[in-house]
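The structure under discussion appears below in the form of structure tokens.
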Amino acid sequence: MNPRPSIAFAKFAAPQTAANRKGTVFVLSADDGGLSDAARAYDPGKTLERAFPVAEFTGKFAGVVEILAPEGASLDRLVAIGAGKAAGLDEYAWLKLGGTIAASLRKATDVAVVLDLVGASINGKDAANLAAGILLRSYSFDKYKTSKDKDDAKADPKKPAKISIHTTDPAGAKKAFADAEAVIDGVLLARDLVNEPANILGPVEFAARAKELETLGVKVEILAEKEMKKLGMGSLLGVAQGSPRGARMAVMQWNGGKPKDSPIAFVGKGVTFDTGGNSMKPASGMEDMKGDMGGAAAVTGLMHALAARKARANVVGIIGLVENAVDGHAQRPGDIVTSMSGQTIEVLNTDAEGRLVLADALWYCNDRFQPKFMVNLATLTGAIMVALGLHYAGLFSNNDELAERLAAAGQATQERLWRMPLGAEYDKLIDSKNADMKNIGGRYGGAIIAAQFLQRFVKDTPWAHLDIAGTAMGSPSNEINQSWGSGFGVRLLDRLVRDHYES
């Protein structure tokens with residue numbers, strides 16, 4: 001993988017020091033192309049101001065003008081980044097500006113960012129968000145690439161960039177960044193998990209990755225097939241029975257709140273590869289099904305984030321880990337399984353497997369921990385992508401307050417959610433003649449029917465289901481993510497906890 005930039009915060013340099021600096025410097029430009037005095041100190045020859053009209057640069061958000069070896073300065077490179085209107089610089093805008101800077105780093109290793117802007121008051125939190133955007137955009141998953149060129153093999157490995165962010169409040173920025181970096185590390189962990197190939201990351205290996213969170217103070221239990229069978233998890237184990245790799249359930253607990261407070265809970269679908277089973281998927285695109293554990297990855301990344309920043313909340317994270325494979329032992333269409341709840345399920349389509357995994361995971365979570373609420377995440381249906389495309393995840397909930405809080409967190413982080421309906425008319429579509437329910441319900445409303453299925457396993461506990469099939473993997477690239485695995489859900493749910501559930 002690309003080396004991770006190191007980030008520090010400093011006070012603005014004196015004009016004389018600025019003029020004699022080497023390396024690469026980034027400055028911000030207002031929406032009229034104006035530069036602050038702190039920015040001008042790095043450009044005594046006024047090369048940027050001469051270049052702006054030639055480049056038709058007006059300070060528009062994320063616009064870039066670059067000067068090599070600027071006149072009158074000892075710099076290698078001077079880069080202006082358009083910040084747009086100061087009033088529009090919210091949390092996500094600062095992340096995107098950081099991503100724009102990261103995209104323009106190239107091979108620079110000695111970098112300064114002058115965080116001063118005409119008409120704007122920039123605080124430590126803004127500086128921390130810009131730094132977080134740099135880290136998010138700098139991520140790439142290339143651990144399995146090897147050098148094929150002899151000259152490349154002899155070349156020195158790329159050195160990580162050392163980035164100094166100059167701001168009015170470096171101490172406040174450093175403090176805010178420690179908190180933000182914990183969340184970013186959770187996002188990057190989720191991306192790593194989604195990007196890993198399925199021959200490397202199966203249920204056992206995923207469980208081991210979850211176990212590593214113990215170093216942060218998370219209590220982690222791993223249930224194997226023997227324990228799950230004893231608990232009656234026939235729904236989850238039925239999905240796993242075609243694979244020789246076994247099934248696991250990771251139960252993660254972060255106890256950062258008051259000892260007597262009930263926990264809040266997050267549950268993730270972790271199908272480490274999904275062939276579709278005997279209802280096999282088409283070959284085209286099946287390789288993407290290594291990412292069918294995006295919900296479990298998000299929950300694992302969230303638990304990392306909460307523990308790393310010492311969140312003042314009691315939180316449970318549960319992930320059901322299986323591989324949906326095909327062999328002589330695999331589940332057949334028409335099989336009937338008994339879930340942990342005691343409810344029986346007629347499996348008419350073995351490719352509607354994620355809901356079978358979540359059924360037992362949700363019931364176990366609710367039964368054991370009696371949480372204030374449960375939120376599950378799953379790359380559950382292609383139907384949600386037909387409905388919402390790749391920019392929103394589907395939100396289903398039995399509780400308006402929880403749904404509203406999730407939607408607000410989605411707007412703040414721009415990991416956006418769109419609420420979808422639930423109703424008795426949809427629920428009756430999964431009634432079965434041969435069992436308590438069936439796992440599919442017809443051609444139309446597939447994402448809703450999947451949510452109705454899950455709702456049968458949550459009792460009256462406030463609950464939300466996030467269908468992240470279009471956002472966890474293969475989502476459009478943007479200023480803060482160029483990776484196939486996006487880590488969607490970590491920032492969203494951290495924000496939910498931060499805003500409403502910390503003591």
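Here the structure is a predicted model, which means the values were calculated and not measured.
Remark: Trp484 CH2 is packed, more than 12 non-hydrogen atoms of other residues, nucleotides or ligands lying under 6.0 Å away. More than 12 heavy atoms of other residues, nucleotides or ligands shown are found within 6.0 angstrom of NZ on Lys310.
We find that Glu66 and Arg106 are joined by a salt bridge, their nearest charged nitrogen and carboxylate oxygen being less than 4.0 Å apart. Remark: Arg4 engages Asp185 in a salt bridge, criterion side-chain N to carboxylate O under 4.0 Å. Taking the charged nitrogens against the carboxylate oxygens, Glu502 and Arg498 have no contact shorter than 4.0 Å, which rules out a salt bridge. Between Glu287 and Lys290 there is no salt bridge, since no side-chain N of the basic residue sits under 4.0 Å from a carboxylate O of the acidic one. Between Arg40 and Asp43 there is no salt bridge, since no side-chain nitrogen of the basic residue lies less than 4.0 Å from a carboxylate oxygen of the acidic one. We find that Lys211 and Glu205 are not joined by a salt bridge, their nearest charged nitrogen and carboxylate oxygen being 4.0 Å or further apart. Between Glu196 and Lys143 there is a salt bridge, since a side-chain N of the basic residue sits under 4.0 Å from a carboxylate O of the acidic one. Checked for salt-bridge contact, Asp274 and Lys281 meet the test: a charged N lies under 4.0 Å from a carboxylate O. Classification of Asp292 and Lys269 as a salt-bridged pair holds, one side-chain N sitting under 4.0 Å from a carboxylate O.
Side chain to side chain, Asn20 and Ser74 fail the donor-acceptor criterion of an N or O pair below 3.5 Å. Side-chain atoms of Gln253 and Glu221 include a donor-acceptor pair closer than 3.5 Å. There is no side-chain donor-acceptor pair under 3.5 Å between Tyr392 and Asp467. A donor-acceptor pair shorter than 3.5 Å cannot be found between the side chains of Ser262 and Asn314. In this structure, a donor-acceptor pair under 3.5 Å is absent between the side chains of Tyr139 and Asn481.
Looking only at side-chain heavy atoms (C-beta outward), Val316 and Pro263 come within less than 4.5 Å of each other. Taking the side chain as every heavy atom from C-beta outward, Ile222 and Val220 approach each other to under 4.5 Å. Considering only heavy atoms from C-beta on, Thr109 stays 4.5 Å or farther from Lys162 through its side chain. At least one side-chain heavy atom of Leu189 sits under 4.5 Å from a side-chain heavy atom of Arg209. Counting heavy atoms from C-beta on, the side chains of Phe57 and Ser29 come closer than 4.5 Å. Counting heavy atoms from C-beta outward, Val375 and Phe373 have side chains that approach closer than 4.5 Å. At a threshold of 4.5 Å between non-hydrogen side-chain atoms, the residues Asn324 and Phe273 do not count as touching.
When all heavy atoms are compared, the tightest approach of Tyr42 to Ala73 is O-CB, 3.9 Å. Closest heavy-atom contact between Leu97 and Ile81: CD2-CG2, 3.8 Å. Counting all heavy atoms, side chain and backbone alike, Ala361 lies closest to Val267 at CB-CG1, 3.7 Å. The shortest heavy-atom contact between Ala472 and Thr379 is CB-CG2, 3.9 Å. The minimum heavy-atom distance between Ser503 and Gly257, with the atom names listed, is OG-CA, 4.2 Å. Minimum heavy-atom separation, Pro371 to Asn366: CD-OD1, 3.6 Å.
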**Item:** Worked verdict on Ile163 versus Leu105 for side-chain contact (heavy atoms from CB on, under 4.5 Å)
**Value:** CA-CA 10 Å; Ile163 301 173; Leu105 285 177; 4.1 Å; yes

**Item:** side-chain hydrogen bond (donor to acceptor under 3.5 Å, both in side chains) between Arg405 and Tyr501, intermediate numbers included
**Value:** CA-CA 11 Å; Arg405 289 178 172 182; Tyr501 299 102; 3.0 Å; yes

**Prompt:** Stepwise, does the side-chain contact (heavy atoms from CB on, under 4.5 Å) test hold for Phe396 with Ile384?
**Reply:** CA-CA 11 Å; Phe396 303 82; Ile384 202 66; 4.3 Å; yes

**Request:** Carefully, step by step, assess Asp32 and Thr58 under the rule side-chain hydrogen bond (donor to acceptor under 3.5 Å, both in side chains).
**Result:** CA-CA 5 Å; Asp32 60 356; Thr58 61; over 6 Å; no

**Request:** Verify side-chain contact (heavy atoms from CB on, under 4.5 Å) between Gln455 and Asn398, making sure each step is shown before the conclusion.
**Result:** CA-CA 8 Å; Gln455 191 176 23; Asn398 64 1; 3.5 Å; yes

**Check against side-chain contact (heavy atoms from CB on, under 4.5 Å), Met303 and Val315** = CA-CA 8 Å; Met303 297 302 291; Val315 185; 3.8 Å; yes

**Request:** Kindly determine whether Arg309 and Asp494 satisfy salt bridge (charged side-chain N to carboxylate O under 4.0 Å, His left out), including the steps that lead there.
**Result:** CA-CA 10 Å; Arg309 70 173 183 83; Asp494 176 78; 2.7 Å; yes

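Judged purely by atom type and a 3.5 angstrom limit, Ser397 uses its side chain to pair as donor or acceptor with the backbone of Trp463. With Arg248 contributing its side chain and Leu321 its backbone, the two residues share no donor-acceptor pair below 3.5 Å. Looking at Thr413, its side chain does come within 3.5 Å of a backbone N or O of Ala409 through a donor-acceptor pair. Between the Glu415 side chain and the Gly489 main chain, a donor and an acceptor come within less than 3.5 Å of each other. Side chain of Gln482 to main chain of Asn478: a donor-acceptor pair is present (N/O by atom type, distance under 3.5 Å, no hydrogens or angles). Panel note: side chain Asp360, backbone Val357; no donor-acceptor pair is recorded below 3.5 Å. A donor-acceptor pair under 3.5 Å is formed between the side chain of Thr215 and the backbone N or O of Glu212. The backbone N or O of Ala393 sits nowhere less than 3.5 Å from a side-chain atom of Thr471 that would complete a donor-acceptor pair. Between the side chain of Arg191 and the backbone N or O of Ser486 there is at least one donor-acceptor pair closer than 3.5 Å. At distances below 3.5 Å, at least one donor-acceptor pair connects side-chain atoms of Trp254 with backbone N or O atoms of Ala311.
Taking CG of Leu117 as the reference point, atom CG of Leu35 lies at 9.5 Å (rounded to 0.5 Å).
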